[in-house]
There are 2 protein chains.
Amino acid sequence: MPTIHAATRTDSGLASQLRVSVVRLARRLRSEREPSNELSIAAIGVLGVLIREGDMTIGQLAAHERVQPPSMTRTVTALVEDGYVERRPSAADGRSVIVALSEKGRETLLADRRRREAWLAQRLKTFTPEERDLLRRATPLIERLATD
Amino acid sequence: MPTIHAATRTDSGLASQLRVSVVRLARRLRSEREPSNELSIAAIGVLGVLIREGDMTIGQLAAHERVQPPSMTRTVTALVEDGYVERRPSAADGRSVIVALSEKGRETLLADRRRREAWLAQRLKTFTPEERDLLRRATPLIERLATD
DNA sequence: TATTGTTATACTCTATAACTATA
DNA sequence: TATAGTTATAGAGTATAACAATA
């Protein structure tokens with residue numbers, strides 16, 4: 001079995017190793033989430049979309065998170081009950097419902113993120129300045145891989 | 001809002017941006033999975049562990065995937081029924097059940113991986129050789145972040 | 001007549017509790 | 001007496017189908 005460095009010499013090898021490493025780190029980051037959290041994965045996903053892209057209708061959220069509308073209705077209903085988001089009627093279309101983050105929702109999501117980022121920042125301290133610099137330059141490339 | 005490059009100048013900024021990019025790429029890679037697949041996420045996880053770390057007992061698999069033993073029993077039962085893994089009695093301990101990949105399981109998992117890797121390799125072609133080289137050197141660092 | 005969202009209902013996945021068999 | 005795994009049962013989460021309101 002070649003080491004990771006050796007295996008990434010070819011492009012398909014790079015794709016293979018990068019895939020494994022990225023998925024593994026993502027899983028690790030996910031497991032660093034507050035376990036005593038009343039928010040489900042789906043709920044956190046919705047809050048994340050709202051904070052990144054702003055208010056959205058139920059249908060837009062469902063399409064974005066790739067769930068069916070009834071599932072999103074349910075997730076949003078739970079988020080409203082717990083005070084993380086608000087429902088607002090759409091001025092443009094009386095059939096639509098606009099979902100907006102509440103202050104509690106914004107704060108909760110940011111706290112959840114901070115917790116995971118603190119763990120990652122801690123780990124980064126064990127790297128040399130050169131290694132951190134390498135990661136710094138690689139990060140935009142990873143972002144570019146993720147976004148069409 | 002600073003650009004990603006500017007935002008990563010500080011270490012906490014690096015942690016923040018790297019987290020977002022990695023989670024986003026992982027999600028993207030996951031969505032490139034064959035949708036018409038009869039394997040559940042949990043099932044693919046089990047096959048992945050078995051191919052990486054070799055045969056394991058139900059209990060070891062449950063601990064590894066952080067599920068309760070009854071859930072793993074159920075997942076493994078489904079995998080056995082569909083021919084992806086085999087159950088074997090443990091020679092060392094009559095209470096234990098060893099789970100081993102079948103040829104079909106190995107082939108299915110590898111096909112699933114190849115599909116996702118093909119997508120990533122395709123995307124990598126749009127990068128310059130220098131950028132690919134940067135990713136090549138960053139990959140082992142990402143792996144090190146993920147593994148204690 | 002088509003679309004947005006909801007309600008009704010069923011299925012999948014996971015968990016806890018109780019049980020069987022081996023150590 | 002403790003441990004590995006299973007069975008029984010219940011609780012989330014999501015899906016499809018049918019429906020109400022609006023375009």
Side-chain angles (χ1 to χ4, degrees), chain A residues 27 30-31 33-50 53-82 84-100 105 112, chain B residues 27 30-31 33-50 53-82 84-100 105 112:
Chain A
R27 187 188 301 153
R30 217 172 310 128
S31 76
R33 234 184 40 231
E34 190 64 63
S36 62
N37 209 323
E38 70 175 335
L39 289 170
S40 68
I41 302 273
I44 287 183
V46 169
L47 297 186
V49 172
L50 292 176
E53 317 206 0
D55 301 353
M56 268 190 204
T57 66
I58 299 269
Q60 287 172 325
L61 279 173
H64 202 286
E65 298 297 281
R66 300 186 190 215
V67 273
Q68 294 303 308
S71 303
M72 189 50 71
T73 292
R74 199 186 148 106
T75 300
V76 168
T77 300
L79 282 169
V80 169
E81 277 169 6
D82 293 334
Y84 295 109
V85 302
E86 292 167 12
R87 286 182 130 101
R88 295 177 191 158
S90 166
D93 187 333
R95 298 168 302 182
S96 292
V97 173
I98 293 179
V99 183
D112 184 81
Chain B
R27 186 187 302 153
R30 216 173 310 127
S31 77
R33 232 182 43 230
E34 190 63 62
S36 63
N37 208 324
E38 68 175 338
L39 290 170
S40 66
I41 301 275
I44 287 182
V46 167
L47 297 185
V49 172
L50 292 175
E53 316 206 0
D55 301 352
M56 272 192 200
T57 66
I58 299 269
Q60 287 172 324
L61 279 173
H64 202 285
E65 298 296 280
R66 301 187 189 213
V67 277
Q68 294 302 310
S71 302
M72 189 50 71
T73 292
R74 199 187 147 102
T75 300
V76 167
T77 299
L79 283 169
V80 169
E81 277 169 7
D82 294 333
Y84 295 109
V85 303
E86 291 168 13
R87 287 181 129 101
R88 294 177 192 158
S90 165
D93 186 334
R95 297 169 302 179
S96 292
V97 174
I98 293 179
V99 183
D112 185 81

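A note on names: the letters A, B, ... follow the listed sequences, proteins ahead of strands, and every chain is numbered from 1.
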* To do: Over all heavy atoms of both residues, which pair between B:D55 and B:L50 is shortest? Give the atoms and the distance, please.
  => CA-CD2, 4.3 Å

* Phosphate contact (C:dC13 OP1 or OP2) by B:S71 side-chain N/O below 4.0 Å -> no

* Rounded off to whole Å, could you give me the CD1-to-C1' distance for the A:I58 and C:dT3 pair? => 15 Å

* Taking B:E65 for the side chain and B:A62 for the main chain, is one N or O donor matched with an acceptor at less than 3.5 Å? -> no

* To do: Round to a whole Å and report the spacing from CG of A:D93 to P of D:dA21.
  => 16 Å

* Structure fact -> Considering only heavy side-chain atoms of B:Q68, the closest of C:dT14, D:dG5, C:dT16 is C:dT16

* Integer-rounded Å distance: C:dT3 P and A:M72 CE -> 20 Å

* Would you indicate which nucleotide in D:dT14, D:dA21, D:dG5 comes nearest to any side-chain atom of B:T57? => D:dG5

* To do: For A:T75, report the nucleic acid contact type (base, sugar-phosphate, nothing); a contact means any heavy atom under 4.0 Å.
  => sugar-phosphate

* Quick one: is D:dT6 close enough that its OP1 or OP2 comes under 4.0 Å of any side-chain N or O from B:T73? -> yes

* **Option from A:I98, A:V97, A:V49 for which side-chain contact (heavy atoms from CB on, under 4.5 Å) with A:M56 holds** => A:V49

* Asked: Short question: side chain of B:D82, backbone of B:Y84 - any donor-acceptor pair under 3.5 Å?
  -> no

* **Proximal nucleotide (of D:dT14, C:dA15, D:dA21) relative to the A:R74 side chain** => D:dT14

* Asked: Which is true for A:S96 with a 4.0 Å heavy-atom rule: it touches a base, it touches only sugar-phosphate, or it touches nothing?
  -> sugar-phosphate

* Asked: Between B:R87 and D:dT6, does any side-chain N or O lie under 4.0 Å from OP1 or OP2?
  -> yes

* 5′-ward residue of the pair A:A42/B:Q60 relative to DNA chain D -> B:Q60

* Test item: A:T77 side-chain N/O and A:T73 main-chain N/O as donor-acceptor pair under 3.5 Å -> yes

* Starting at atom CD1 of B:I44, determine the distance to atom P of C:dC13, rounded to an integer number of angstrom. => 12 Å

* Structure fact -> Per atom distances to the B:R95 side chain, the nearest of C:dC13, C:dT22, C:dT7 is C:dT22

* Asked: At under 4.0 Å between heavy atoms, what does B:S90 touch on the DNA or RNA strands: base, sugar-phosphate, or nothing?
  -> nothing

